[in-house]
Amino acid sequence: MTPTVSAARLARLLGEAPTARPAYRAVADGLNTLLNDGRLASGTRLPSERELTAALGCSRTTVARAYAVLRDDGRLTSRRGSGSVLALPAGRGGGRSSRVLSPALDLDPGTIDLTCAATRAPAGMADACAAALAALPSYLDDNGYAPVGLADLRALIAERYVRAGLDTRPEDILITSGAVSGLAIVARSLVRPGDRVLTESPTYPNAVEALRRAGARIATIPVDPEGWDVAEAVRVIGHAGARLAYLIPDFHNPTGALLDEDGRSQLGRALGAAGTVPVIDESIADLDLDRSAQRPRPFARFAPEAIAIGSASKSFWGGLRIGWLRMPPGRAGALLEVRAGLDLGAPILEQLILAELLRRHSDLPPGRRGDLVASREATRSALGSMLPQARFSMPRGGLSLWVEIPDVPAVALCPAAEATGLLLAAGPRFSPGGGFERFVRIPYVLPKETMVEAVRRLARACCVARAGTGEHSATTAFIA
């Protein structure tokens, strides 16, 4: 399926009818920017000239000439019967393998690694490990495999869902070796080679890779820096014919956006009507930092067929490789059969550690929320003073800022940052279809002093990259 964008959404993205002169150049430049920053994926079919003319309230000549400029620049192809399709120039999309995120190895002393959005272990982790080790002997008299997970741990996780407003039984929980492992189990069970799968754009790149390895063809729904375009998502879901949809409605990675209950209800109805199985990544759901309002109920309250993916790595520690699936009735047998071809169960000791942590903490570990809030505020303040041209929305929770630096492409910025001892994940890594070339993800997971130093290095790298590309800095700040 060729992705499409409605004339109504495109008009919203471009703003009001262009007033710059010549008007066609303003439309062409706007479309080019939307392609570069990923809000329009490479391969997207644009509305017809007539449809976009009506939506923008301009002349058809303006739209026709704008499309012609993009065709001349190699960014639009038009064929009779196929419409006009956007395309990034050759070499701009990036290889799939380059988009997978993994922890950096063999770092030089003093290097700041912001490619991984995960925190250090919380206080009390050693005590929880000691308690788990004391409980381990009672599990040593069998083979040590636990294909569905330890009963106590499954009960504790089910109880957390019940407290969040979702009726859940222990038998609805399958313990996995992390969130990506859980997604791999679901993908192998539900996806056949060539099946279409919906993801958000941008989204977590390792999830996209897991889906592609299962043979999925990826289609996307947009998540703007300020959140979901729900109307456009509903339209895409209705036309996609997707087998499943991988979504991150809770403090979305990388934007940090939180989908409200009305949005969950609309997407849940659309997915149900389309026969598309929602696969909901809740690995960041507990990281509600501001708690400024009641958190939305789990997505499965609005989509009973949803499969939820959870993980201990974000709330507790990345070294604790334990995750889980929360399944609707009837799914467990098929998922368990597939799981046997991947691994035979998560490590017993690590399950015992997580169970101990969940008994001790109904919420985040002590100090975790305060540390993240302090680091987030330090990062925001440093960006405002050192990189006033940076644009981002302050998330209520999660672990990252999704930062647009309008005058520096990430392809130049990230190597320049690495030369200063700062490792970043560039925006194109988060795009299944290319784009987001002027975005970087900045996780605020390190101590606040380190985050300030990271922004200082980023600002220095921007100067170097800007000089290399010949671009000039914007003069106004935008901190939303």
Could you tell me whether [X] and [Y] have a side-chain N and a carboxylate O separated by less than 4.0 Å?
{"X": "Asp152", "Y": "Arg359", "result": "yes"}
{"X": "Arg301", "Y": "Asp167", "result": "no"}
{"X": "Asp172", "Y": "Arg154", "result": "no"}
{"X": "Arg9", "Y": "Asp229", "result": "yes"}

How long is the span from the [atom1] atom in [X] to the [atom2] atom in [Y], to the nearest 0.5 Å?
{"X": "Arg169", "Y": "Met327", "atom1": "CZ", "atom2": "CE", "result": "9.0 Å"}
{"X": "Leu383", "Y": "Thr379", "atom1": "CG", "atom2": "OG1", "result": "6.5 Å"}
{"X": "Glu453", "Y": "Thr420", "atom1": "CD", "atom2": "OG1", "result": "8.0 Å"}
{"X": "Thr119", "Y": "Leu287", "atom1": "OG1", "atom2": "CG", "result": "8.0 Å"}
{"X": "Leu422", "Y": "Asp113", "atom1": "CG", "atom2": "CG", "result": "9.0 Å"}
{"X": "Ile307", "Y": "Leu174", "atom1": "CD1", "atom2": "CG", "result": "10.5 Å"}

task = Search all heavy atoms of Val408 against all heavy atoms of Ala465 and return the closest pair with its distance.
result = CG1-CB, 3.5 Å
task = Report yes or no: do Tyr139 and Gln351 form a side-chain donor-acceptor pair below 3.5 Å?
result =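 The answer is no; no qualifying pair exists.
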task = Assess the side chains of Tyr145 and Asn143: does a donor N or O sit below 3.5 Å from an acceptor N or O?
result =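 Side-chain D/A pair, Tyr145 to Asn143: absent.
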task = Step through the shown structure and confirm whether more than 12 heavy atoms of other residues, nucleotides or ligands are within 6.0 Å of CD on Glu171.
result =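 Buried by this count: over 12 neighbours within 6.0 Å.
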key: Within 6.0 angstrom of Glu261 CD, more than 12 heavy atoms from elsewhere   =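 For Glu261, atom CD is crowded (more than 12 foreign heavy atoms under 6.0 Å).
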Side-chain donor-acceptor contacts of residues 240-247 below 3.5 Å, not counting sequence neighbours, with atom names and distances?
residue	atom	partner	partner atom	Å
Arg243	NE	Leu190	O	3.2
Tyr246	OH	Asp281	OD2	2.5

inquiry  = For a side-chain hydrogen bond (donor to acceptor under 3.5 Å, both in side chains) check, start with the C-alpha distance between Ser6 and Glu232, then their side-chain angles and the critical distance, and finish with the verdict.
reply    = CA-CA 7 Å; Ser6 67; Glu232 182 72 2; 2.9 Å; yes
Arg396: which of Asp260, Asp250, Asp290, Asp288 passes salt bridge (charged side-chain N to carboxylate O under 4.0 Å, His left out) = Asp288
message = Apply side-chain hydrogen bond (donor to acceptor under 3.5 Å, both in side chains) to residues Arg163 and Ser362 and explain how you reach the verdict.
response = CA-CA 10 Å; Arg163 290 200 303 267; Ser362 60; 5.4 Å; no
request  = Report the residue from Phe436, Tyr444, Phe392 that forms a ring pair (Phe, Tyr, Trp, His ring centres under 6.0 Å) with Trp402.
outcome  = Phe436
For Glu449, all residues meeting side-chain contact (heavy atoms from CB on, under 4.5 Å), sequence neighbours excluded = Pro447
